[in-house]
Amino acid sequence: KASAEVVTVETLDQRYVLMPAQVKDCYLVTLLDKLHDEENKSIILFTDTCRNCQIYGLLLKHLEFPCVTLHSLMSQGQRLASLSVFKTGKVKILVATDVAS
């Protein structure tokens, strides 16, 4: 049970899946496709590094998933612009490192 200090909002849907590393990218695209089309929810995809954040951002854009990225190598203005686009709902997918948390 989580303490009161770390409780998230009730509308937040958090998921994790354990899978072999060889299929994680394919599964991610399948999962994002399902969530993006069927449920039309906002999605935050956390990555471990700025490099992976950029790679996933480029991959998703190449696959025609509208998304923005947010990581520490971006200027403050770029970060705020990405957050604004995501918060207004113009883009439903945010790919981010822990800078977004």
**Message:** Can you give me the closest heavy-atom contact between C50 and T97, atom names plus distance?
**Reply:**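 Residues C50 and T97, closest heavy atoms: N-CG2, 3.7 Å.
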**Request:** Kindly give the heavy-atom pair with the smallest separation between C53 and L70, and that separation in Å.
**Result:**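 Closest approach of C53 to L70: SG-O, 3.8 Å.
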[X] side, atom [atom1]; [Y] side, atom [atom2] - distance, nearest 0.5 Å:
{"X": "I44", "Y": "F86", "atom1": "CD1", "atom2": "CZ", "result": "4.5 Å"}
{"X": "L94", "Y": "C67", "atom1": "CG", "atom2": "SG", "result": "8.5 Å"}
{"X": "Q54", "Y": "L59", "atom1": "CD", "atom2": "CG", "result": "13.5 Å"}
{"X": "L73", "Y": "R79", "atom1": "CG", "atom2": "CZ", "result": "8.5 Å"}

So do the side chains of [X] and [Y] get within less than 4.5 Å of each other, counting heavy atoms only?
{"X": "D98", "Y": "F46", "value": "no"}
{"X": "P66", "Y": "K92", "value": "no"}
{"X": "L45", "Y": "L28", "value": "yes"}

Assigning hydrophobic clusters by single linkage (Ile, Leu, Val, Met, Phe, Trp, Tyr; side-chain heavy-atom cutoff under 4.5 Å), is [X] placed with [Y]?
{"X": "I55", "Y": "V23", "value": "no"}
{"X": "V95", "Y": "V29", "value": "yes"}
{"X": "L58", "Y": "L63", "value": "no"}

**Asked** Taking T30 for the side chain and C26 for the main chain, is one N or O donor matched with an acceptor at less than 3.5 Å?
**Response**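 Present.
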**Asked** Residues two or more places apart in sequence or in another chain: which of them pass side-chain contact (heavy atoms from CB on, under 4.5 Å) with I43?
**Response**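 Residues passing side-chain contact (heavy atoms from CB on, under 4.5 Å) with I43: L32, L35, I93.
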**Request:** Not counting sequence neighbours, which residues clear side-chain contact (heavy atoms from CB on, under 4.5 Å) with T49? List them please.
**Result:**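 Scan of T49 (side-chain contact (heavy atoms from CB on, under 4.5 Å), adjacent residues dropped) gives R51, N52.
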**Request:** Identify, with sequence neighbours excluded, every residue that meets side-chain hydrogen bond (donor to acceptor under 3.5 Å, both in side chains) alongside T88.
**Result:**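 In terms of side-chain hydrogen bond (donor to acceptor under 3.5 Å, both in side chains), with neighbours along the sequence ignored, T88 is linked to no residue.
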**Asked** Which pairs count as side chain to side chain donor-acceptor pair (under 3.5 Å) when at least one residue sits in residues 55-71, sequence neighbours excluded?
**Response**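 Sorted pair list: D25-Y56.
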